[in-house]
Amino acid sequence: MRKPLICLVLILAMLICLSGCYPLKPMYEQEDADRITGKGTEMMQAWLHENMPDAVLKECTADIVMWREDGNDYLTGYACGWIEENEETTRFSIDTVTGDVYFDMDADTLDALRRATANYLYESMGVTEEYDGNYFSCSVMAPVHDSEQFENLDYGLPAGVEDLDAFVRNPGSRPRIHIGQFQFALRDDRDLSLYGLEAMEKLEQECGVYLDYMDILGNDQRVIFDNGKACFYESGSWIEGEGYELQGVVRVREEKRDPKTNGIVVSDRYFDPEQDLVFEETKKGFRFSFPNEDWEQGFRFYADADSELPHHDYIYYYGDHQSTLSWKERNDGSYVMISKNQSVVDFDLDGRLERIE
């Protein structure tokens, strides 16, 4: 009898835990949802009559979105649904406060928006790159009114936009554009330290965008703007030995806003070979450790073109794990240590390398 009782208690405990984490209950009154549905239907019918008289309203209901902070459902003040014109259906959203209408974008329109936005940002930064379709995502930030949960949502493209370039390049007359991901490599030798927090904030303001994540790659420098924090990385030589060299980040500069004072808090750290790395040669290879826990950067292992090192594979021991590493020739004739999947190895954990004879 005790075993079934214990099982029942465990099941109830699990249900209580799950319900506490994900209550999934509506945080609105149904009469408010019905009111938004009715208002949205009326407003969309009027909008179609004026702008798309041949279109038919097929469906319109209050938009309900789950807030990921608590897992509960909330009204957004928008009504969403479908219209049909010439046997084609299109999803729409209408702001029941302002009457603004948004339409979902097809793949071609979304790609055109990305291209226009990326090229606008390149031009604003004085960069000669062109959008290549990779590592860039964006969406129009439709405003949400009188909500503690949502400031804006992605409902597609505002109705009436025909020239995407003109739309993007006129930030004063459109909603902000959310940049979810923006990564590119510069071809010139400019100093990336110029792209600090204030420069990124200025770019946001002037271009009418919100930068969620931006990653700029240079020759020996890199800038990452992530969630309001700007990080500058500069790479260089850590240690030079007979026939080899360790290279990694030698400077990390971080800038972020103090929420209390709104001032910029700056952290600027440099690699110290005496405090940040212990590296020694052994009879069969190398041993290394990172004594400074505040220095979170690792190194890459390079060998000279005429070095004996690339003639051997190595076993990499770290913690309770081990893996076999080899070498890959670079364009300049030197070699870099790689893993089995041909990716360059970043050593950032204490360990040792033992040569395979």
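Along the sequence shown, residues carry numbers from 1. All values reported here derive from a predicted model rather than from experimental measurement.
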- Message: Using salt bridge (Lys or Arg N to Asp or Glu O under 4.0 Å), reason through Arg352 and Glu354 one step at a time and then give a plain yes or no.
- Response: CA-CA 7 Å; Arg352 70 182 191 276; Glu354 290 191 1; 2.9 Å; yes
- Query: When you measure from the side chain of Lys39 to the backbone N and O of Thr96, does any donor-acceptor pair fall under 3.5 Å?
  - Reply: yes
- Item | Exercise: identify the closest heavy-atom pair between Leu164 and Ala112 | CD1-CB, 3.4 Å
- Distance, nearest 0.5 Å, that separates CG of Asp294 from CD of Gln275: 10.5 Å
- Message: Under a 3.5 Å distance rule, please check whether Glu255 uses its side chain to pair with a backbone N or O of Lys229 as donor and acceptor.
- Response: no
Throw together a table of side-chain donor-acceptor distances under 3.5 angstrom for residues 130-139, partners on residues two or more places apart or in other chains.
residue, atom, partner, partner atom, Å
Asp132, OD1, Asn134, N, 3.0
Ser137, OG, Gln181, N, 3.1

- Same cluster (ILVMFWY, side-chain, under 4.5 Å), Met43 and Leu75: no
- Is a salt bridge present between Glu281 and Arg287, judged by a nitrogen-to-oxygen distance below 4.0 Å? no
- Message: Other residues, nucleotides and ligands only: do more than 12 of their heavy atoms fall within 6.0 Å of CD on Glu148?
- Response: no
- Pairs where residues 90-114 contributes a residue and the test salt bridge (Lys or Arg N to Asp or Glu O under 4.0 Å) is met, not counting sequence neighbours: Asp111-Arg115
- Atom CZ of Arg257 with >12 non-hydrogen neighbours under 6.0 angstrom: yes
- Mark yes or no for whether Ser334, through its side chain, and Arg330, through its backbone, hold a donor-acceptor pair below 3.5 Å. no
- Task: Would you name the heavy atoms of Glu206 and Tyr120 that are closest together and state the gap between them?
- Result: O-OH, 3.8 Å
- For atom CD of Glu151, is the number of surrounding heavy atoms from other residues, nucleotides or ligands below 6.0 Å larger than 12? no
- Is there a donor-acceptor pair closer than 3.5 Å between any side-chain N or O of Asp350 and the backbone N or O of Phe290? yes
- Side chain proximity check, Glu234 to Val249, heavy atoms < 4.5 angstrom: no
- Can you label the angle between the Phe182 ring and the Phe184 ring as parallel, tilted or perpendicular, going by 30° and 60°? tilted
- What closest approach, in Å, do Leu277 and Trp238 show between heavy atoms, and which atom pair accounts for it? CD2-CE3, 3.7 Å
- Is the shortest heavy-atom distance from the side chain of Pro143 to the side chain of Phe150 under 4.5 Å? no
- Message: Does Glu29, at its CD atom, have more than 12 non-hydrogen atoms belonging to other residues, nucleotides or ligands within less than 6.0 Å?
- Response: no
- Message: With a 4.0 Å cut-off on N to O distance, would you call Asp188 and Arg190 a salt bridge?
- Response: yes
- Query: Taking side chain as C-beta onward, heavy atoms only, is Trp47 less than 4.5 Å from Phe92?
  - Reply: no
- Counting distance only, does the side-chain N/O of Ser307 pair as donor-acceptor with the main-chain N or O of Ala303 below 3.5 Å? no
- Neighbour count >12 (heavy atoms, 6.0 Å) for atom CD, Glu84: yes
- Considering all heavy atoms of both residues, which atom of His312 and which atom of Ile356 are nearest to each other, and what is their separation? ND1-O, 3.5 Å
- Measure across Leu211 and Glu204 and return the closest heavy-atom pair with its distance rounded to 0.1 Å. N-OE2, 2.8 Å
- Task: Without swapping roles, check the side chain of Asp32 against the backbone of Tyr28 for a donor-acceptor pair under 3.5 Å.
- Result: no
- Look at atom CD of Glu162 and say whether more than 12 heavy atoms of other residues, nucleotides or ligands are closer to it than 6.0 Å. no
- Do Asn51 and Val101 touch side chain to side chain, with heavy atoms closer than 4.5 Å? no
- Item | Residue His49 excluded, over 12 heavy atoms near NE2 under 6.0 Å | no
- Message: Can you classify the ring geometry of Phe299 versus Phe279 as parallel (below 30°), tilted (30 to 60°) or perpendicular (above 60°)?
- Response: perpendicular
- Item | For Glu88, salt bridge (charged side-chain N to carboxylate O under 4.0 Å, His left out) partners two or more places apart | none
- Is the shortest distance from a Lys or Arg side-chain nitrogen in Lys256 or Glu254 to a carboxylate oxygen in the other one below 4.0 Å? no
- Message: Tell me whether Arg253 forms a cation-pi arrangement with Phe232, defined as NZ or CZ under 6.0 Å from the six-membered ring centre and within 45 degrees of its axis.
- Response: no
- Task: Using the test salt bridge (charged side-chain N to carboxylate O under 4.0 Å, His left out), find all partners of Arg176 that sit at least two apart in sequence or belong to another chain.
- Result: none
- Qualifying residue, where the test is ring pair (Phe, Tyr, Trp, His ring centres under 6.0 Å) with Tyr244 and the options are Tyr335, Tyr302, Phe301: Phe301
- Query: Minimum heavy-atom separation for Trp327 to Pro310, with atom names?
  - Reply: CD1-CA, 3.4 Å
- With sequence neighbours left out, what residues match Glu123 under salt bridge (charged side-chain N to carboxylate O under 4.0 Å, His left out)? Arg169
- Near Asp191 CG, under 6.0 Å, is it more than 12 heavy atoms from other residues, nucleotides or ligands? yes
- Query: Any donor-acceptor pair under 3.5 Å linking the side chain of Thr109 with the backbone of Met105?
  - Reply: no
- Measure from the ring center of Tyr195 to the ring center of Phe225 and say whether it is less than 6.0 Å. no
- Message: Check the orientation of Phe286 and Tyr314. Use parallel for under 30°, tilted for 30 to 60°, and perpendicular for over 60°.
- Response: tilted
- Any idea how His178 and Tyr210 line up, ring-wise: parallel (<30°), tilted (30 to 60°), or perpendicular (>60°)? parallel
Would you tabulate the side-chain donor-acceptor contacts of residues 61-68 under 3.5 Å, counting partners in other chains and residues two or more places apart, or write 'none'?
residue, atom, partner, partner atom, Å
Asp63, OD2, Thr76, OG1, 3.4
Asp63, OD2, Tyr155, OH, 2.5
Trp67, NE1, Gln149, O, 3.3

